[in-house]
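Here is the structure we will look at, set down as structure tokens.
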Amino acid sequence: MAESGYDFVSIESRWRARWDETGVYKSAVEEGRPKHYALTMLPYTSGDLHIGHWYAMAPSDARARWMRMKGYNVLFPIGFDAFGLPAENAAIERGIHPAKWTMENIEKMRRHLKRMGAMFDWDREIITCEPDYYKWTQWLFLQFYRHGLAYRKKAPVDWCPRCNTTLAREQVWGDDRHCERCDTPVVKKDLDQWLFRITKYADSLLNFSGLDWPDRVETMQTNWIGRSEGVEFEMTVKGSGASFRVFTTRADTIFGVTFAVLAPEHPLVDAITTKAQAADVASYREKAGRQSEIDRLSLDKDRDGVFTGAYAINPMNDAEVPIYIADYVLTTYGTGAIMAVPGHDERDFGFAKRYGLPVSTVIAPPDWDGRALQHPYEGKGTLVNSGRFSGTPSDPAKTAVAEELEARGIGERKVNYRLHDWLISRQRYWGCPIPIIYCADCGVVPVPERDLPVTLPEDAEFLPTGESPLKHHDGFLHTTCPVCRGTAQRETDTMDTFMCSSWYQYRYLSPHFAAGPFDPDEGAYWLPVDQYTGGIEHATMHLLYTRFFTRAMRDMKLIATDQAEPMVRLFNQGIILGEDSEKMSKSRGNVVNPDELIDAHGVDSVRTYLMFISRWDQGGPWNSASMGGVPRFLNRVWSLVVEPAASPGNPPGPAETMELRRMTHQAIKKVTADLESFDFNTAVAALMTFVNRLGKVRSAAVAESAAWKDAIRSLCLLLAPFAPHLSEELWERIGERYSVHEQAWPEWDEELARPATIQMPVQVNGKVRARFQVEMDAEGDDVTRLALEQPNVRNHLAGKVPRKVIVVPNRLVNIVA
RNA sequence: GCCGAAGUGGUGGAAUUGGUAGACGCGCUGGACUCAAAAUCCAGUGGGCGCAAGCCCGUGUGGGUUCGACUCCCACCUUCGGCACCA
């Protein structure tokens with residue numbers, strides 16, 4: 001508790017209660033009034049709301065408030081991402097039901113969030129684990145299924161042995177391929193899984209037009225999708241009818257093929273391996289198969305492989321080349337087989353050197369002397385040693401080779417993606433059940449929409465066995481087939497929680513709407529999201545999934561056809577680190593608790609300090625020691641507005657009045673510009689400057705003047721987005737009508753904001769040697785004359801005639817001697 | 001290895017995008033108030049030299065372009081993110 005200053009405890013609680021009573025933050029459709037849908041990523045219900053949540057939400061709230069004062073009808077909703085493994089694991093550890101654990105956490109978090117004094121419209125709150133919400137997640141699953149966007153497949157999947165569940169490719173991180181949530185290295189497993197056909201939208205997702213998103217996110221998504229254009233063609237195996245297809249982006253190097261490589265798991269391997277090589281091949285395959293399950297870190301980077309004994313024929317020159325298997329060729333990309341061109345590919349080169357395979361140069365580097373290359377040349381160039389294509393540059397050669405392969409019917413141009421379909425099955429309890437029934441006679445049967453939601457049974461044993469706990473719950477598992485009425489079983493896996501958060505922005509529009517995922521009338525008004533804010537960590541997960549969802553929903557006519565993108569503008573805030581500059585975590589013990597800070601300094605101080613620390617997108621370490629400046633500032637605001645001036649003073653003259661107006665309009669201008677560009681830190685600095693300047697000129701007489709009153713009025717308005725409670729209190733105390741948050745944002749007058757004079761620096765040869773006071777927009781000749789008159793300038797010129805005088809109006813003078 | 005971001009006082013960070021480097025804070029020093037402390041207020045605070053006027057140095061390092069560079073170009077160093085046998 002601060003020793004002096006305003007009583008933030010009572011002020012803050014009083015106004016929060018008043019806002020609640022009067023419903024100032026309820027948002028409703030108002031035809032004809034411009035809307036602004038501001039969205040902050042919904043928090044996961046981990047239980048504690050640490051300072052990182054405040055860091056994400058308080059500035060988002062400040063900006064939403066500002067947009068509202070600018071005249072927009074603002075929707076700023078909040079909810080909870082409530083399904084997921086952490087709830088289940090925590091519940092297992094503590095022996096509480098995940099639902100109970102989650103709802104208790106929500107209770108806590110809601111209380112904290114309300115304390116923040118944000119303008120969330122709590123009437124629109126959503127909780128993704130409530131049947132009222134997940135009914136529509138299931139409904140959307142069914143729509144995806146109907147439109148061929150959801151399908152089931154037995155496939156090797158990434159599996160987290162600790163979480164005992166599958167992971168989507170996006171959830172496997174790092175060199176050692178570890179689980180996004182628990183850091184355990186993942187292993188492969190063969191399972192029947194549900195997937196979403198996100199790859200259908202790969203090209204569409206590469207199109208970011210109409211989006212105002214950070215380049216960084218667009219780049220990350222582009223790389224994640226990993227589009228590459230090339231040619232896929234057939235290579236036949238010598239002496240057998242067999243053939244395999246390879247994909248290459250460098251068809252121009254096809255004459256340089258000296259061997260071919262199949263992935264160890266390639267289906268053709270057994271058929272083509274010769275007896276002599278069979279043992280080697282088998283042991284290599286065994287080793288490669290094991291490799292995905294052993295620690296990937298111990299993988300040596302040297303490429304190794306085994307000869308199959310078979311030869312493939314290069315269709316362009318009929319050359320016979322040996323076929324190897326090697327684990328540097330992946331089954332999961334392209335065709336699982338490659339043509340190897342060691343002269344022009346680093347990896348193939350390394351492999352060729354290791355096994356003494358020939359290397360030939362077929363692309364001439366720009367200054368090639370015709371001798372054998374010591375290193376593979378991966379750039380473009382002119383084809384050599386390439387028969388009828390010799391002399392052709394790379395690009396046309398690619399086309400020509402592709403055309404020839406196409407004409408002969410053994411190949412075609414193809415586009416490959418790094419992006420895989422999104423695996424959504426999870427063998428866990430605490431998730432949204434997949435609404436599918438398996439019938440021995442009818443096969444895969446979607447649950448009829450009228451039977452939704454398929455609810456989670458409350459009495460399941462949710463121990464992580466590696467199988468879905470729902471599989472062992474008879475009441476859930478056994479059902480009747482909706483088609484033939486025979487006995488049938490339910491799908492027992494639940495959905496990846498990213499499903500729930502892929503469409504939540506739509507449910508906010510009408511969280512209780514019963515006839516669909518959202519009320520189309522609300523959608524027509526509010527959509528799309530105008531401003532989204534959240535962390536960068538979701539760049540290739542949530543942010544990609546929700547773009548996919550929106551495209552699919554548009555194509556399924558669930559949202560307006562002109563909306564390909566869910567969120568027009570995105571801003572990624574940085575991460576707030578612990579006092580030790582490390583990521584905040586309970587185990588490190590460096591988590592900053594907002595409660596203590598609020599008790600000591602008040603909500604408004606904590607909010608404002610978070611915005612003042614640094615640029616919002618930069619984040620940075622928390623520093624309690626420097627926090628005091630902000631409460632001091634707010635106390636100064638308080639005394640400036642509320643407490644009587646110490647000195648009687650004189651009424652302001654015309655110059656002082658001008659000065660008051662100038663500082664007011666300069667503050668409005670700066671704060672406005674900074675809020676527009678999310679520069680909260682410099683906006684707060686500008687408010688501090690304003691307050692400091694007002695403090696300097698204040699006296700009892702000055703405080704009676706109209707210019708002063710305007711200044712104070714503007715100050716309250718400018719402060720409102722940052723310190724909503726204090727500004728509301730001050731607004732009332734200066735006799736204005738409730739609520740400050742419903743007022744129009746002040747406007748500035750460019751003329752009034754302009755300084756009358758400036759301190760003009762004079763440089764001699766680029767070094768500042770003098771400064772003089774001059775009126776704004778003074779004539780260049782006058783400025784030059786004054787500059788040359790400065791004593792220190794004369795000293796430095798030492799009688800020399802300036803060669804050149806550069807006058808930058810209202811900036812500086814540089815004299816070149 | 002590839003892609004991206006960033007390196008500024010004791011410290012968090014500013015700098016109108018090529019025009020006074022260090023705004024605004026924190027801390028520190030001195031002063032006022034006080035019996036004293038806390039709080040508050042006032043003044044100072046990049047480094048060095050100087051009584052002063054002023055001079056020199058200074059935005060990771062080294063070059064360059066320019067009247068003028070934290071800002072642009074080239075090379076390098078460091079840190080942090082993302083991707084990584086993608087054919």
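Labels below follow one simple rule: chain letters A, B, ... track the order of the sequence lines, proteins then strands, and each chain is numbered from 1.
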- Task: For G31(B) and G13(B), measure between their C1' atoms and round to the nearest Å.
- Result: 29 Å
- Query: What distance, rounded to whole Å, do you find between the two P atoms, one in C74(B) and one in U11(B)?
  - Reply: 31 Å
- Task: Considering just the side-chain nitrogens and oxygens of Lys767(A), establish if one lies under 4.0 Å of OP1 or OP2 belonging to C57(B).
- Result: yes
- Note on the structure: Reading nucleotides 8-19 of chain B from 5' to 3' and marking B where a protein heavy atom lies under 4.0 Å of the base, S where only the sugar-phosphate is that close, and - otherwise, the string is ----BSS-B--B
- Please state whether the rings of His542(A) and Phe498(A) are parallel, tilted or perpendicular, taking 30° and 60° as the class boundaries. parallel
- Mind telling me whether U66(B) is syn or anti, cutoff 90° either side of 0? anti
- Roughly how far apart, to the nearest Å, are A15(B) and U20(B) at atom P? 13 Å
Under 3.5 Å, which donor-acceptor pairs link side chains of residues 213-220 of chain A to any protein atom two or more places apart or in another chain?
| from | atom 1 | to | atom 2 | distance (Å) |
| --- | --- | --- | --- | --- |
| Trp213(A) | NE1 | Met567(A) | O | 2.8 |
| Thr219(A) | OG1 | Asp215(A) | O | 2.8 |

- Task: Starting at the 5' end of RNA chain B, write a dot or bracket for each base, bracketing those in Watson-Crick or G-U wobble pairs whose two distances are under 3.5 Å and using | for partners on another strand.
- Result: (((((((..(((......[....)))((((((.......))))))((((....))))..(((((..]....))))))))))))....
- So, the side chain of Gln666(A) versus the backbone of Ala753(A): is there a donor-acceptor pair under 3.5 Å, distance only? yes
- Query: Whole Å only: how far is the CG atom of Asp617(A) from the C1' atom of A5(B)?
  - Reply: 10 Å
- Where do Gln618(A) and Trp616(A) land on the side chain to side chain donor-acceptor pair (under 3.5 Å) test, with the steps shown first? CA-CA 5 Å; Gln618(A) 207 173 286; Trp616(A) 196 35; over 6 Å; no
- Task: Between G9(B) and A5(B), how far apart are the C1' atoms? Round to whole Å, please.
- Result: 24 Å
- Task: Pick the P atom in G12(B) and in G62(B), then give their distance to the nearest Å.
- Result: 22 Å
- Task: Give me the ring orientation class for Trp622(A) and Tyr609(A): parallel if the planes are under 30° apart, tilted from 30 to 60°, perpendicular past 60°.
- Result: perpendicular
- Message: Taking the C1' atom in each of G10(B) and G47(B), what is the distance between them to the nearest angstrom?
- Response: 12 Å
- Message: What is the separation between atom CE on Met220(A) and atom P on C3(B), rounded to the nearest whole Å?
- Response: 16 Å
- Separation of G81(B) P from Asn223(A) CG (nearest whole Å): 18 Å
- Message: Using the C1' atom as the point on both nucleotides, what is the distance between C57(B) and U8(B), in whole Å?
- Response: 15 Å
- Message: Does the structure place the NZ or CZ of Arg607(A) under 6.0 Å from the centre of the six-membered ring of Trp54(A), at an angle of no more than 45° from the ring's axis?
- Response: no
- Do NZ/NE/NH1/NH2 and the carboxylate oxygens of Glu789(A) and Arg785(A) come within less than 4.0 Å? yes
- Is the centre of the Phe259(A) ring less than 6.0 Å from the centre of the Tyr355(A) ring? no
- Item | Rounded distance in Å between the P positions of C24(B) and U16(B) | 16 Å
- Query: Picking from U20(B), C24(B), C57(B), which would you name as closest to the side chain of Asn692(A)?
  - Reply: C24(B)
- Message: On the nucleotide C55(B), are OP1 or OP2 found under 4.0 Å from the side-chain N or O atoms that Arg769(A) carries?
- Response: yes
- Measure the acute angle between the ring planes of Phe244(A) and His266(A), then classify it against the limits of 30° and 60° as parallel, tilted or perpendicular. perpendicular
- Task: Establish, with yes or no, whether the OP1 or OP2 oxygen of C3(B) is under 4.0 angstrom from a side-chain nitrogen or oxygen of Arg216(A).
- Result: no
- Take atom CZ of Phe633(A) and atom C1' of A23(B), then tell me their distance rounded to the nearest Å. 15 Å
- Could you tell me whether Phe351(A) and Tyr324(A) have their ring centroids closer than 6.0 angstrom? yes
- Whole angstrom value for the distance that separates C1' of C83(B) from CD of Glu218(A): 17 Å
- Item | Atom-to-atom span, CD of Glu229(A) to P of A87(B) - whole angstrom | 12 Å
- Query: Are His796(A) and C55(B) close enough that a side-chain N or O sits under 4.0 Å from OP1 or OP2?
  - Reply: yes
